[in-house]
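Just so we're on the same page: letters track the sequence lines, and every chain starts at 1.
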Amino acid sequence: MAELIQLNSDVLVIGGGPAACWAALAAREAGRSVVMVDKGYVGTSGATAPSNTGTWFATTPERRARLVEERLKQAEGLADIRRMPRVIDTATQHLHVLAERGYRFPRDDDGDLYIANLRGPDYMRFMRMQVVRAGVTVRDHHPALELLVAGDIVAGAAGFARQLGQNWEARAGAVVIATGGCAFGSRILGATGLTGDGQLMAAELGASLSGMEFSNQYGIVPLHSSVNKGLPYFWASFYRTDGSPIDIPPGQRFPVLARESLEGPIYARLDQATGALPDALRRGQPNCFLPFDRAKIDPFNDIFPIALRSEGTVRGTGGLKRTDDDGSVGIAGLYVAGDALERQDIAGAATGGGGPNASWAIATGVWAGKGAAAFAARLGSRANDRTVRPTGQAGLRPAATVRDIDPARAVALVREELLPVDRNFFRSAPKLAASLALLDAAWAELRDHAHGTGAAAFRLREAAGLLASSRWAYRAAEMRAETRGMHRRLDAPASDPAQSRRLSVIGVDRPRLAFEPHTTEVAAS
Amino acid sequence: MIELLSENRCTACNVCVKACPANVFDTVPGSVPVIARQQDCQTCFLCELYCPVDALYVATDPEHVTGITEGAADEAGLFGSYARALGWRKGREGGADQDPTHRLRQVSLSTARPAESRSSKP
Ligand SMILES: Cc1cc2nc3c(=O)[nH]c(=O)nc-3n(C[C@H](O)[C@H](O)[C@H](O)COP(=O)(O)OP(=O)(O)OC[C@H]3O[C@@H](n4cnc5c(N)ncnc54)[C@H](O)[C@@H]3O)c2cc1C
Ligand code: SF4
Ligand code: SF4
């Protein structure tokens with residue numbers, strides 16, 4: 001085996017999306033040395049880079065109150081009215097920092113900077129430049145596979161440098177996990193690397209997750225494409241194969257389309273976009289038009305086939321449960337940011353897409369970076385002399401005899417069980433139980449027998465992450481015997497006031513679930 | 001999925017090898033890179049933007065290879081078409097300041113179909 005790459009810093013940031021970049025910048029600003037390891041390439045990896053993200057910001061208290069109000073209405077009792085304003089304020093402040101540093105926001109018709117939208121490729125390239133300029137050591141194509149601990153304290157991570165064919169070990173005074181959500185193998189923009197690795201690594205150390213039943217947001221894509229961008233469909237009408245229009249009552253778009261898609265093919269046409277809109281759409285959202293232009297479809301005049309594609313927890317809200325605003329998850333030395341965290345605070349049982357998620361990545365990134373920097377500072381310069389031990393289990397340290405386990409089979413199983421509309425959009429106790437039996441068996445096999453090194457370990461750990469998140473999601477969906485937000489149970493179609501509480505899960509191997517005692521939403525006064 | 005790496009255009013700068021988040025390409029000593037792990041491609045189109053000479057083409061189907069030929073893509077003006085639409089040139093960013101999205105969101109917020117606007121996620 002080639003030589004081990006040894007990295008050392010005060011703070012180690014795992015991930016390369018917006019949350020990771022903001023965390024790295026905040027830790028540098030606090031005077032700490034920072035190493036950043038990304039599975040892909042910082043600037044192109046993650047859910048933001050290929051997309052455009054709307055932001056959640058407010059420059060006046062009135063607007064902020066309105067934003068909170070709007071989201072509270074959809075959150076179905078699970079959001080946190082105290083935390084929302086803090087997220088909005090911190091994100092707004094840092095959107096202005098972006099502008100000050102030279103990110104080229106457009107101006108609106110009044111000549112004011114328009115900070116409500118970030119163009120993914122430009123934003124993330126800009127963030128890479130900022131991170132490099134700040135003196136962060138960036139290691140691309142360096143996926144983390146497991147955390148290292150000194151006693152009970154997180155003290156680094158280990159992984160594999162894919163393009164160098166070498167293992168790496170990074171020692172640090174504190175670690176930030178910003179590895180994004182879990183897309184369950186769905187082919188949506190930016191999702192390849194989003195396999196729930198950070199959730200698995202943290203859970204292996206005893207961190208809890210919450211809201212994992214809200215892991216089944218679906219988005220519209222032109223059929224046979226990856227482009228799950230929602231904005232153009234604001235101006236869409238929807239049709240069946242015979243050309244008859246699909247009637248969509250207010251707020252019912254997704255359930256209606258999901259049901260129709262089980263009956264037969266569904267279609268859309270952007271026929272409500274008239275006047276100057278088609279041109280503005282085309283120039284403002286060029287990635288939306290790739291599937292149309294490349295298939296020679298005129299979406300404003302032609303009816304085109306669409307599909308619903310799972311967006312997992314990327315636009316769902318489940319993830320690691322914060323125990324404090326600084327992103328700690330109850331494990332010393334570990335801080336979490338962005339989509340790897342649960343986002344019920346800002347979105348409850350509904351999607352955090354459309355602005356809150358992007359702003360959450362900024363705010364929680366900054367907070368986790370600061371939290372990690374403060375922790376590392378307290379440990380001082382000898383932090384990296386500690387004796388450490390690795391903590392990864394499934395895929396790395398089998399519980400029984402080693403056998404040849406194909407990670408591609410596990411990935412295929414996750415896709416089969418988690419992605420179809422009829423399994424995961426419309427849930428029921430029997431369907432969940434049947435899926436869980438298969439997922440549990442695959443998990444047991446991986447845990448007991450899989451052993452990989454190098455590139456094989458990387459693939460096995462991705463499979464383990466996908467399986468772990470799948471099992472948490474379906475266990476939580478089984479436990480929540482009601483319908484709330486995106487979680488729809490055919491066998492329990494009403495919401496149950498007694499379950500107006502968050503549901504958390506702890507444990508990788510034998511997940512244990514519990515409803516949290518109180519709803520955290522405080523009624524708006 | 002990524003389908004074409006035009007050997008005619010490619011200067012073997014290996015930027016795509018570095019910038020592809022899914023590690024799809026491999027360098028080849030003394031030659032242009034290869035598409036080594038096509039099935040890992042996440043159909044994000046970003047390699048097209050980063051290629052300084054518009055030598056890459058990503059078809060929109062994320063599951064199946066369409067088999068489009070270089071000639072057909074060339075004829076249809078597809079090489080570099082995404083970069084041109086955004087305002088990126090020679091692998092460098094540009095055009096974000098010209099983004100007219102504020103006009104879109106203005107309309108989508110002001111034409112007040114409240115319940116629907118909620119489910120329309122930008
Ligand atoms: C098409 C689309 C449109 C969207 N539009 C909006 C919108 O309009 N408004 C909004 O608020 N939100 C939107 N979102 C959601 C938003 O993009 C995400 O909330 C945001 O990207 C989260 O940032 P993040 O840094 O937490 O995760 P990501 O950006 O997903 O980044 C995760 C990073 O972790 C890395 N990683 C993963 N595993 C490992 C590992 N083991 N080791 C090292 N690195 C690892 C990945 O390579 C990646 O760099 C959209 C998402 C999509 C897909
Ligand atoms: S980025 Fe373009 S020019 Fe450079 S190696 Fe890749 S295909 Fe060739
Ligand atoms: S489309 Fe994205 S994932 Fe596919 S080769 Fe290009 S950069 Fe890589």
*What option among A/Arg162, A/Lys39, A/Arg125, A/Gln285 has the most heavy-atom pairs under 4.5 Å with chain B?*
A/Arg125

_More than 12 heavy atoms of other residues, nucleotides or ligands under 6.0 Å from CZ of B/Arg89: yes or no?_
no

*asked:* Heavy-atom pairs under 4.5 Å with chain B - which of A/Ala276, A/Pro106, A/Gly40, A/Pro222 has more of them than the others?
replied: A/Pro106

_Under 4.5 Å from any heavy atom of chain A, what part of B/Leu78 do you find: side chain, backbone, both or neither?_
both

*asked:* Does atom CZ (A/Arg104) have a neighbourhood of more than 12 heavy atoms from anything else shown, all under 6.0 Å?
replied: no

_Donor-acceptor check, side chain of B/Glu93 to backbone of A/Phe126, threshold 3.5 angstrom: yes or no?_
no

_Heavy-atom pairs under 4.5 Å with chain A: which of B/Leu49, B/Val58, B/Asn23, B/Asp61 has the most?_
B/Asn23

*Indicate yes or no for a side-chain donor-acceptor contact from A/His224 to the backbone of B/Thr60 under 3.5 Å, with no hydrogens or angles considered.*
no

*Kindly state each residue pair satisfying ring-ring contact (aromatic ring centres under 6.0 Å, His included) with at least one member in residues 54-98 of chain B, sequence neighbours excluded.*
B/Tyr50-B/Trp88

*Side chain, backbone, both or neither of B/Arg84 within contact of chain A (heavy atoms, under 4.5 Å)*: neither

*Kindly give the heavy-atom pair with the smallest separation between B/Ala19 and A/Thr44, and that separation in Å.*
O-OG1, 2.7 Å

*Just wondering, do B/His102 and A/Arg107 contact through their side chains at under 4.5 Å, heavy atoms?*
no

_Using heavy-atom distances under 4.5 Å, tell me whether A/Arg128 contacts chain B through its side chain, its backbone, both, or neither._
neither

*Give, as side chain, backbone, both or neither, the part of A/Ala295 having an atom under 4.5 angstrom from any heavy atom of chain B.*
neither

*Is a side-chain N or O of B/Arg103 found less than 3.5 angstrom from the main chain of A/Gly284, in a donor-acceptor match?*
no

*For the side chain of A/Ser226 and the backbone of B/Thr43, is there at least one donor-acceptor N/O pair under 3.5 Å apart?*
yes

*Work out which heavy atom in B/Pro100 is nearest to a heavy atom in A/Ala280; give both atom names and the distance.*
CG-O, 3.7 Å

_At a 4.5 Å cut-off on heavy atoms, which part of B/Leu86 comes close to chain A: side chain, backbone, both, or neither?_
both

*Given side chains that start at C-beta, do those of A/Gln163 and B/Val17 come closer than 4.5 Å, heavy atoms only?*
yes

_Residue A/Asn287 versus chain B: region with a heavy atom under 4.5 Å_ = both

*Given side chains that start at C-beta, do those of A/Met124 and B/Pro21 come closer than 4.5 Å, heavy atoms only?*
no

*Between A/Arg119 and B/Thr101, is any side-chain donor less than 3.5 angstrom from a side-chain acceptor?*
no

*Side chain from CB out, backbone as N, CA, C, O: work out which of these in A/Asp122 comes under 4.5 Å of a heavy atom of chain B, or both, or neither.*
both

_In the structure I gave you, are the side-chain heavy atoms of B/Glu63 and A/Arg187 within less than 4.5 Å of one another anywhere?_
yes

*Heavy atoms only: give me the nearest A/Pro50-B/Leu46 pair and the separation to one decimal.*
N-CD1, 4.0 Å

_Portion of A/Met486 that has a non-hydrogen atom of chain B nearer than 4.5 angstrom_ = neither

*Compare all side-chain heavy atoms of A/Leu290 with those of B/Phe45 and state whether any distance is below 4.5 angstrom.*
yes

*B/Cys20 versus chain A, the contacting section by heavy-atom distance below 4.5 Å*: backbone

*asked:* Distance check, rounded to the nearest 0.5 Å: B/Asp99 atom CG versus A/Asn52 atom CG?
replied: 6.5 Å

*Interface moiety of A/Val227 toward chain B, non-hydrogen atoms closer than 4.5 Å*: side chain

_Need one label for A/Ile188: side chain, backbone, both or neither, based on atoms under 4.5 Å from any heavy atom in chain B._
backbone

_Neighbourhood of chain A inside residues 34-41 of chain B, taking heavy atoms under 4.5 Å as contact_ = B/Arg37, B/Gln39, B/Asp40, B/Cys41

_Carboxylate-amine/guanidinium contact B/Glu3 A/Arg294, below 4.0 Å_ = no

